[in-house]
Amino acid sequence: MNETFDILVIGGGINGAGIVRDASGRNLKVCLVEKNTVGSATSSWSTKLIHGGLRYLENYEFRLVRESLKEREVIKKIASNITTPIPFIIPYQKSLRPKWLIKLGLFLYDNIGGKMTIPKSSTINIKKEMPNILKDQFKIGFQYYDLQVDDKKLVQLNVEDAKKKGATIIQNRKVIDAKRNENIWDITLDDNTILKSKILINAAGPWINEVLSNVIKLNSNKSIRLVKGSHIITKSLYSQKKAFTLQNEDNRIIFVIPYKDEYSLIGTTETEVFSPENPKIDESEIDYLLNSVNKYFIKQISSDDVVSSYSGIRPLIEDFKEASKITRDYIFDLNEDGSKAPLLNIYGGKLTTYRKLAENVLLTLNKHIPINKKNSWTAKQKL
Ligand SMILES: Cc1cc2nc3c(=O)[nH]c(=O)nc-3n(C[C@H](O)[C@H](O)[C@H](O)COP(=O)(O)OP(=O)(O)OC[C@H]3O[C@@H](n4cnc5c(N)ncnc54)[C@H](O)[C@@H]3O)c2cc1C
């Protein structure tokens, strides 16, 4: 390939996919390189929600929740064929969060994102609306809505659209070296192809620092914490198309979500790991998830009920807090180093905020390639 790209993105997860879609729609010459197939890593191992992140309000992450709620509306509009609004019920548990706190959280959740087409929260009678599912002590609950999404498909749709708009998409090729020259990067793939790009974006998710030190050969000034999250899948625990948000005594919450018509998706956990490779659920995580469900549900489940499981790694920005309190927000690390070609490392992020993240990436690169804020387009055009 002799052409010089404006931007080359390492990593075909949701963040890389969103960036190449946005950039190709602005007539930039872009290339995405993914070592496996697009959307095959963290972006398909999620809880599959486009959500505001009700729980993050407890960590005072108002910026993130506001942006996520706004994005929930946008994604509902642009990806209506792969998203479904779904009610979540938080059973009231006297010994845990007080009613006033949950109601305050839901009031903020209903309002800080601005005008919403998704139904507002309400208090419900669990015994009447979801009879014979939860133990007798759970009589009332708080209902709010979020969106369920086909996470992998969301990545694929972004990539397909980018391709239609002229982006070069290379799958099953690993970036093994990136040499930084004045104004240009020489990027080597594992079949020895060399690509040239004016700007390099490292969107390798949990591999970000590995790519930075082994491929780009620069030191990172940001450290990340790799936190594994696992889900188990059982046959449907009940027939209604409603999900539960279950509070645990350790202050964490887990979800029980109807999944693919006949299953329940239960997750997630938070376990620190030291490698992004091949995450797998371990027994203590299965026990944790089973126990959480068994504290609430009449029907008791055991490991025999687990038909499948999957795990993913959250690349969280290290801020030396316990895993559930570390921010789920994203940070850009723009390395400009004089006249040398720029590098942008993307830390953190959520499926929910990928579109806005991509838009912000391009605006951040404005100094290096002409980007007009007025030409931002991805919030309007359907996937
Ligand atoms: C358990 C769990 C549950 C979650 N639930 C939700 C949720 O419900 N809602 C939500 O909004 N967010 C959720 N998230 C967060 C969300 O899934 C992630 O933030 C998002 O998927 C990260 O996308 P990414 O593009 O950064 O990373 P990835 O999807 O991991 O993509 C990075 C890609 O880089 C590729 N790569 C790495 N090195 C190279 C190389 N050298 N050359 C070429 N390619 C390379 C990898 O193969 C990979 O495909 C969850 C995360 C986890 C772990």
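For clarity, every value in this text was computed on a predicted model and none was experimentally measured. Hydrogens, waters and symmetry mates play no part in the numbers below; they use all other heavy atoms, side chains included. When a ligand or atom number is given, it counts from 1 through the structure's own listing order.
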Practice prompt. Please report the C-alpha distance between Ser230 and Glu285 in whole Å, then the side-chain angles of each, then the deciding distance to 0.1 Å, and finally whether the side-chain hydrogen bond (donor to acceptor under 3.5 Å, both in side chains) criterion is met.
Written response: CA-CA 7 Å; Ser230 298; Glu285 292 177 283; 2.8 Å; yes
Discussion item. Working note: Asp150 + Lys48, criterion side-chain contact (heavy atoms from CB on, under 4.5 Å); need CA distance, chi angles, decisive distance, verdict.
Written reply: CA-CA 6 Å; Asp150 183 337; Lys48 305 176 195 302; over 6 Å; no
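Nearest protein neighbour of atom 53 (C) of ligand 1, counting heavy atoms only, is Arg314 CG, 3.3 Å. Protein heavy atom nearest atom 19 (O) of ligand 1, with residue, atom name and distance: Gly349 O, 2.6 Å. From the protein, the heavy atom lying nearest to atom 23 (O) of ligand 1 is Ser43 OG, 3.2 Å. Annotation: atom 24 (P) of ligand 1 to nearest protein heavy atom, Asn15 ND2, 3.8 Å. Among protein heavy atoms, atom 50 (C) of ligand 1 sits closest to Ser46 CB, 3.8 Å. Looking at atom 41 (N) of ligand 1, its nearest protein heavy atom turns out to be Val175 O, 3.2 Å. Ranking the protein heavy atoms by distance from atom 33 (C) of ligand 1 puts Glu34 OE1, 3.4 Å first. Looking only at protein heavy atoms, the nearest one to atom 8 (O) of ligand 1 is Leu49 N, 3.1 Å.
Atoms of ligand 1 found under 4.0 Å from any heavy atom of Val33, numbered from 1 in the order shown, are 43 (C), 44 (N). Here is the list of ligand 1 atoms found below 4.0 Å of a heavy atom in Lys174: 40 (C), 41 (N), 42 (N). Close approach to Pro206 involves these atoms of ligand 1, each under 4.0 Å from a residue heavy atom: 30 (O). Taking every heavy atom of Trp45 and a limit of under 4.0 angstrom, the matching atoms of ligand 1 come to 1 (C), 2 (C). In the vicinity of Lys48, heavy-atom distances shorter than 4.0 Å reach the ligand 1 atoms 8 (O). Atoms of ligand 1 found under 4.0 Å from any heavy atom of Ala41 (numbered from 1 in listed order, with element): 30 (O), 48 (C), 49 (O). Every atom of ligand 1 is numbered from 1 in the order shown, and the set under 4.0 Å from a heavy atom of Val211 is 38 (N), 41 (N). Within ligand 1, counting atoms from 1 as listed, the ones closer than 4.0 Å to a heavy atom of Ile313 are 53 (C).
Under the 6.0 Å distance and 45° angle rule, Arg63 counts as a cation-pi partner of Tyr330. No cation-pi contact links Lys340 to Trp185, judged by a cut-off of 6.0 Å to the six-membered ring centre and 45° from its axis.
For the pair Asp177 and Lys217, the salt-bridge criterion is met [side-chain N within less than 4.0 Å of a carboxylate O]. Using a cutoff of 4.0 Å between basic side-chain nitrogens and carboxylate oxygens, Arg21 and Asp161 are scored as salt-bridged.
Evaluated for a side chain to side chain donor-acceptor pair (under 3.5 Å) with Gln247, the options Arg252, Lys295, Gln93, Arg97 yield exactly one hit, Arg97.
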Listed pairs under 3.5 Å, donor-acceptor, residues 80-92 side chains, sequence neighbours left out:
{"unit_1": "Ser80", "atom_1": "OG", "unit_2": "Lys382", "atom_2": "NZ", "d": "3.1"}
{"unit_1": "Thr83", "atom_1": "OG1", "unit_2": "Ala79", "atom_2": "O", "d": "2.9"}

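Counting heavy atoms of neighbouring residues, nucleotides and ligands inside a 6.0 Å radius, atom NZ of Lys179 does not exceed 12 of them.
Hydrophobic clustering of Ile, Leu, Val, Met, Phe, Trp and Tyr side chains at less than 4.5 Å, counting indirect connections, keeps Leu28 apart from Ile187.
Across the listed options Asn214, Ile75, Leu351, Leu154, Leu351 owns the non-hydrogen atom lying nearest to atom 16 (C) of ligand 1.
Checking only distances, Thr42 does come within under 3.5 Å of ligand 1, N or O to N or O. Inclusion of Gly312 in the set of residues having an N or O under 3.5 Å from an N or O of ligand 1 is not warranted. For ligand 1, the polar-atom distance check against Thr37 finds no nitrogen or oxygen pair separated by under 3.5 Å. Remark: ligand 1 and Trp207 share no N or O pair separated by less than 3.5 Å (distance only, no angle test).
Annotation: Tyr56 is not in aromatic contact with Tyr109 [ring centroid separation under 6.0 Å not met].
No hydrogens or angles considered: a donor-acceptor pair under 3.5 Å links the side chains of Tyr354 and Asn158.
To the nearest 0.5 Å, atoms OG1 (Thr353) and CG (Asp329) are separated by 7.0 Å.
Neither the backbone nor the side chain of Ser40 comes within contact range of ligand 1; no heavy atom lies under 4.0 Å.
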